[in-house]
Amino acid sequence: MDLADKKEMLIRNLIEEGYLKSPGVISAFREIPREGFVGDSWRDYAYSDQPLDIGSGQTISAPHMVAIMTELIKPEKSHLVLEIGAGSGYQAAILSRLVKKVYSIELEHELAGLARENLKRAGIRNVEVIQGDGSLGIPGKSPFDRIVVTCGSDKVYPAWREQAREGGIILSPVDEGDHQRLMILRKGKGGFSAKKGLSCVFVPLRH
Ligand code: SAH
């Protein structure tokens, strides 16, 4: 089976399994070539539903996890999004098709470079990758409509709460014993409301 067939089969499975739901998110999955965000040696596995090694001990998330995260934040064309953990740049690439602009922070210098290269090769212009510690957010670019954390965090950092727009959503895996729990926070007038999502395992947030 060639890559195009594998891609279509993965997308159909993700729809059947209920991970991919909205037409916009499904189109984004069709448009973005995941093979351009995994190393050459993983090319044949680009459309298997699993995380893959991207170097520096980090991974590109499994497609179903990217689908879950993307659907949960309900992206809109007008949105300014902050991602913590650019990694390969794939999640940011998916979001780039659905929102106005994505700022993605990556702690590892090498991965920030890799994400920039991958995004450039894919012709994506509305994602800016910044090297730094994402737990601090980017005060100068806030407020963000959505903040998506793609590493396992010990908590929802105060900077994210401050930099979220009123009415905005913060989505973060937060430590819960040996795994994490996806936490969905919505910023209201009087404070945050929080909902618990799935249990998950991301590589840990570091400083
Ligand atoms: N979203 C990525 C997957 C991210 S894996 C993708 O689509 O490929 C998690 C990433 O978070 C790793 O690259 C790791 O280096 C990064 N990371 C860990 N702690 C961080 C921090 N404090 N700030 C920014 N990035 C961090």
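A heavy-atom distance below 4.5 Å is found between the side chains of E106 and L111. Contact annotation: the side chain of I54 never approaches that of V38 to less than 4.5 Å [non-hydrogen atoms, C-beta and beyond]. Between K189 and E166, some side-chain heavy-atom pair lies under the 4.5 Å cut-off. Under the 4.5 Å side-chain criterion, counting only non-hydrogen atoms from C-beta, D175 is in contact with Q180. Between M183 and K196, the closest side-chain pair of non-hydrogen atoms falls below 4.5 Å. Contact of the P51 side chain with the S61 side chain is not registered, since no non-hydrogen atoms from C-beta on lie closer than 4.5 Å. I26 has its side chain within reach of I15: a pair of non-hydrogen atoms, C-beta onward, lies under 4.5 Å apart. Contact check for I138 versus I105: side-chain heavy atoms found under the 4.5 Å cut-off.
Residue-environment remark: NE2 (H109) stays at or below the threshold of 12 foreign heavy atoms within 6.0 Å. Sparse packing is recorded around CZ of R12, with 12 or fewer heavy atoms of other residues, nucleotides or ligands lying under 6.0 Å away.
Heavy-atom minimum distance, H64 versus D49: N-OD1, 2.9 Å. Nearest approach of A115 to G87, heavy atoms of both residues: CB-O, 3.4 Å. Looking at every heavy atom in both residues, A92 comes nearest to E83 through CB-OE1, 3.5 Å. Closest approach of W160 to I84, counting heavy atoms only: NE1-CD1, 3.8 Å. Here the shortest heavy-atom pairing between A93 and I124 reads CB-CD1, 3.5 Å. When all heavy atoms of S96 and V127 are compared, the closest pair comes out as CB-CG2, 3.6 Å.
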Check: Passes side-chain contact (heavy atoms from CB on, under 4.5 Å), E108 versus R206? Steps please.
Finding: CA-CA 10 Å; E108 296 286 335; R206 290 156 298 127; 2.8 Å; yes

Checklist line | Pair S104-Q91, side-chain hydrogen bond (donor to acceptor under 3.5 Å, both in side chains): steps then yes or no | finding: CA-CA 10 Å; S104 188; Q91 170 76 75; over 6 Å; no

Next item on the list: Could you give me the CA-CA distance, side-chain angles and deciding distance for E71 and S22, then say whether side-chain contact (heavy atoms from CB on, under 4.5 Å) is met?
Entry: CA-CA 7 Å; E71 294 281 5; S22 357; 2.4 Å; yes

Note to self: Using the rule given for salt bridge (charged side-chain N to carboxylate O under 4.0 Å, His left out), can you reason through E162 versus K187, listing the C-alpha separation, both sets of side-chain angles and the distance that settles it, and then say yes or no?
What the structure shows: CA-CA 9 Å; E162 280 156 27; K187 188 169 183 172; over 6 Å; no

Next item on the list: Evaluate the criterion side-chain contact (heavy atoms from CB on, under 4.5 Å) for residue pair S78 and K100; output intermediate values, then yes/no.
Entry: CA-CA 5 Å; S78 62; K100 190 165 171 198; 5.6 Å; no

Note to self: Quick one, N126 with R97, criterion side-chain contact (heavy atoms from CB on, under 4.5 Å). Give me CA distance, side-chain angles, the key distance, then yes/no.
What the structure shows: CA-CA 9 Å; N126 59 339; R97 304 293 86 176; 4.0 Å; yes

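Each salt bridge (Lys or Arg N to Asp or Glu O under 4.0 Å) pair with one or both residues in residues 17-45, not counting sequence neighbours, appears once here: E8-R30.
In summary, the aromatic rings of H207 and Y157 are positioned with their centroids under 6.0 Å apart.
Distance check, rounded to the nearest 0.5 Å: CG of L198 to NE2 of H179 gives 10.5 Å. One distance of note links CG of L205 with CG of D154; it measures 6.5 Å at 0.5 Å rounding. Here CZ of F144 is found 5.5 Å from CD of Q163. Values are rounded to the nearest 0.5 Å. For the atom pair OG of S48 and CG of N13, the computed distance is 11.5 Å after rounding to the nearest 0.5 Å. Considering CE of M65 and CD1 of I60, their distance stands at 13.5 Å, rounded to 0.5 Å. Atom OH of Y45 is separated from atom CG of D53 by 13.5 Å, given to the nearest 0.5 angstrom.
Using a 4.5 Å cut-off between side-chain heavy atoms of Ile, Leu, Val, Met, Phe, Trp and Tyr, with links allowed through other members, W42 and M9 fall into different hydrophobic clusters. In the hydrophobic clustering of ILVMFWY residues, with side-chain heavy atoms under 4.5 Å counting as a link, V174 and I170 come out together. Taken together through direct or relayed side-chain contacts under 4.5 Å among Ile, Leu, Val, Met, Phe, Trp and Tyr, F37 and V99 form part of one hydrophobic cluster. Cluster annotation: V148 and Y103 are assigned to distinct hydrophobic clusters (Ile/Leu/Val/Met/Phe/Trp/Tyr, side-chain heavy-atom contacts under 4.5 Å, transitive). No path of Ile, Leu, Val, Met, Phe, Trp and Tyr side chains, each step under 4.5 Å between heavy atoms, connects V201 with V149, placing them in separate hydrophobic clusters.
Checked by atom type and distance alone, the side chain of K141 never pairs as donor or acceptor with a backbone atom of L80 at under 3.5 Å. No donor-acceptor pair under 3.5 Å is formed between the side chain of R181 and the backbone N or O of P173. The backbone N or O of S56 lies less than 3.5 Å from a partner atom in the side chain of Q58, making a donor-acceptor pair.
The only member of I147, V102, D145 that meets side-chain contact (heavy atoms from CB on, under 4.5 Å) when paired with L82 is I147.
Taking the centre and axis of the six-membered ring of F192, the NZ or CZ atom of R161 falls inside the cone set by 45° and 6.0 Å.
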